[in-house]
Amino acid sequence: MMFLSIVRQIIGGFGTTLLLFFFTLLFSMPLGILFAVARMSKFKPLQMFMQVFISILRGTPLMLQLIVVFFMPFYVFGLKLSTGWRLYAALIGFSINYAAYFGEIFRAGIQAVPTGQREAAEVLGFTRMQTFWRIVFPQMVKRVVPPVTNEVITLVKDTSMAFAIAYAEMFTMAKQVAAQMSNILPLFVAGIFYYVFNIVVAGIMGMIEKKLDYFE
Amino acid sequence: MSLFEINNVGKSFGDLKVLHDISVKVEEGEVVAIIGPSGSGKSTLLRCATMLETMDSGSLIYLGEKAAQNDAQGRTVYASPAELRRIKGYFGLVFQNFNLFPHFSVLRNLTEAPVHVQKRDRKEVEKEALELLAKIGLSGKENYYPQQLSGGQQQRVAIARALAMKPKMLFFDEPTSALDPELTGEILKVIRQLAAIKMTMVIVTHEMGFARDVADRVIFMDGGYIIEEGDPHDVISNPREGRTKQFLARFSDQGMDID
């Protein structure tokens with residue numbers, strides 16, 4: 001019975017982990033495209049700003065970034081931090097951090113599309129937007145699936161870092177339960193949840209990869 | 001009025017001047033072959049004509065409409081992007097490496113630009129695309145992806161993709177250079193068919209025999225200059241200039257069949 005009660009409590013935390021996971025993906029991927037495009041901008045100041053910005057996001061601990069985002073409203077605007085803010089702070093921190101990684105992956109993917117593709121589109125009269133969305137983007141997606149899979153799997157585990165701002169995701173819950181029970185079993189149960197979830201994630205990404213097999 | 005006109009093009013890459021004051025006019029229905037050694041500037045000229053490369057100086061005119069012209073200082077100034085996109089509808093370009101869109105089926109390679117650039121009716125465009133595929137002997141391949149086709153078939157699709165835009169003229173940039181020798185024939189056949197229906201074409205090629213047979217005029221380029229220009233039989237069989245003779249002799253030395 002003890003085991004079942006552990007599982008029940010951890011499932012409660014798993015919901016918040018899922019929430020963090022899905023919304024981070026939802027926001028960080030489009031933001032990553034924006035980062036990639038800005039990073040490749042012909043407008044030098046923007047390009048350099050993005051280079052430094054991405055370098056900081058990748059070069060400092062995610063945990064620190066979460067703390068900075070969490071306390072920002074207090075230190076910068078003098079606002080009182082509400083409990084609800086934890087989720088938003090976590091989402092903002094995760095999304096921006098992952099956008100930096102996705103952005104660099106997308107940039108590599110975009111640059112790997114042969115110049116000839118862009119030239120063919122240009123001669124056919126496509127606008128720059130059409131060329132990007134119709135010609136470059138689909139080919140980029142195919143190329144970036146394997147490295148993106150890596151990031152997505154890492155994100156599943158990284159959600160546990162939200163404990164830094166006391167956001168009650170699964171790992172935070174598991175730790176609390178473990179402390180109450182003076183038993184590490186809850187942590188193992190949480191580990192199983194992460195692992196099973198990641199098997200599902202890897203399976204889905206594998207299916208996407210296969211689905212894109214129809215072109216070279 | 002010429003269909004195509006490029007006047008006094010100058011083009012440098014860094015310190016290297018690759019085009020020296022080149023002018024070419026092409027009349028409707030004319031087939032012009034451009035030959036010359038690699039590095040002679042012939043591909044750069046084609047890329048300037050198709051606006052993949054910007055000219056340093058000179059003007060570019062299609063059907064009397066100026067895509068680019070010289071300013072008072074003799075520097076090229078291009079028309080607005082929207083204007084250029086419209087002018088790009090007058091010509092098509094066939095690349096050496098085909099550059100088909102790998103993520104689109106053969107049919108969608110043909111229909112994407114007419115539907116989304118020219119905003120034509122998809123049904124009508126698809127019908128025409130299927131007719132085009134039939135003409136180049138690729139009926140039944142419309143749902144294939146480029147990688148499932150041979151190089152020769154891919155290049156034929158690339159020609160059809162250009163034709164689907166209903167251009168006034170076609171440019172070919174060494175259309176057979178990336179193909180196995182036994183596959184070049186099928187491309188040359190399609191170009192011959194186009195010549196027979198009086199399609200205006202400018203072809204950069206190393207196929208001397210083909211250039212002589214199909215072209216109305218041959219231009220020999222070397223070092224960024226037009227060395228010799230005229231009737232294909234004169235230029236290829238009886239060149240006047242020493243440089244042309246030297247170049248063509250190298251082809252016969254290599255056992256390439258000029259006849």
Side-chain angles (χ1 to χ4, degrees), chain A residues 29-30 32-33 36-37 40-44 102 105-149 204-216, chain B residues 43 46-47 49-54 81-106 108-120 143-149 154 157-158 161-167 170-173 178:
Chain A
M29 292 227 179
I33 292 171
V37 170
M40 290 185 293
S41 170
K42 286 200 182 87
F43 181 59
K44 275 273 179 246
F102 284 137
I105 292 173
F106 294 160
R107 180 170 69 92
I110 289 167
Q111 286 171 342
V113 175
T115 324
Q117 291 292 311
R118 252 158 271 173
E119 291 186 344
E122 206 182 314
V123 170
L124 287 168
F126 285 109
T127 61
R128 286 182 59 177
M129 276 301 202
Q130 285 175 324
T131 302
F132 182 75
W133 289 113
R134 294 180 183 280
I135 308 301
V136 176
F137 182 75
Q139 298 186 55
M140 177 274 272
V141 167
K142 183 189 167 70
R143 285 178 169 82
V144 302
V145 172
V148 163
T149 303
I204 292 170
M205 294 307 283
M207 271 160 55
I208 293 173
E209 201 173 334
K210 216 172 197 132
K211 225 181 146 77
L212 292 170
D213 254 359
Y214 69 89
F215 69 92
E216 110 227 332
Chain B
S43 279
L46 206 69
R47 290 174 62 82
T50 53
M51 302 184 228
L52 288 176
E53 211 73 73
T54 53
E83 183 76 359
L84 292 180
R85 259 200 305 284
R86 198 175 55 74
I87 292 175
K88 277 174 185 168
Y90 292 142
F91 65 83
L93 169 63
V94 175
F95 296 85
Q96 184 176 344
N97 301 316
F98 332 136
N99 290 338
L100 290 177
F101 303 128
H103 57 306
F104 289 161
S105 66
V106 166
R108 196 152 168 213
N109 263 284
L110 267 60
T111 58
E112 191 75 356
V115 170
H116 294 289
V117 175
Q118 296 178 329
K119 312 285 181 204
R120 285 163 55 198
N143 293 323
Y144 281 55
Y145 283 88
Q147 63 162 358
Q148 296 172 295
L149 303 177
Q154 287 188 44
V157 173
R161 176 175 70 177
L163 289 172
M165 298 290 282
K166 300 187 175 180
L170 283 183
F171 292 94
F172 292 82
D173 188 7

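Lettering of chains follows the sequences in order, A, B, ..., and the numbering in each one begins at 1.
Interface residue B:M165: only side-chain heavy atoms are found under 4.5 Å from chain A. For B:L84, no part lies near chain A; criterion is any non-hydrogen pair under 4.5 Å. Residue A:R118 does not touch chain B at all, counting heavy-atom pairs closer than 4.5 Å. For B:F98, no part lies near chain A; criterion is any non-hydrogen pair under 4.5 Å. With a 4.5 angstrom heavy-atom cutoff, B:R86 does not touch chain A via any of its atoms. With a 4.5 angstrom heavy-atom cutoff, B:Q118 does not touch chain A via any of its atoms. Using a 4.5 Å cut-off between heavy atoms, B:Y145 contacts chain A through its side chain alone, with no backbone atom that close. The contact between A:Q130 and chain B is made entirely by side chain atoms (from C-beta outward), counting heavy-atom distances below 4.5 Å.
Taking the side chain as every heavy atom from C-beta outward, B:T50 and B:F95 never approach each other to under 4.5 Å. For the pair B:R120/B:V115, no side-chain contact is recorded, criterion being any heavy-atom separation below 4.5 Å from C-beta on.
Side chains of B:D173 and B:S43: a donor on one and an acceptor on the other come within 3.5 Å.
The greatest number of non-hydrogen atom pairs below 4.5 Å with chain A, out of B:P102, B:A162, B:G89, is found for B:P102. Listed options B:Q148, B:H116, B:R47, B:K88 were ranked by heavy-atom pairs under 4.5 angstrom with chain A; first place goes to B:H116.
Residue pairs meeting the ring pair (Phe, Tyr, Trp, His ring centres under 6.0 Å) criterion with at least one member in residues 111-136 of chain A, sequence neighbours excluded: A:W133-A:F137.
Put simply, the residue from B:V106, B:N97, B:L149 that forms a side chain to side chain contact (heavy atoms under 4.5 Å, CB included) with B:Q154 is B:L149.
Partners of B:Q147 by side chain to side chain contact (heavy atoms under 4.5 Å, CB included), not counting sequence neighbours, listed by chain and number: A:E216.
A salt bridge does not link B:R161 with B:E112: none of the charged nitrogens is closer than 4.0 Å to a carboxylate oxygen.
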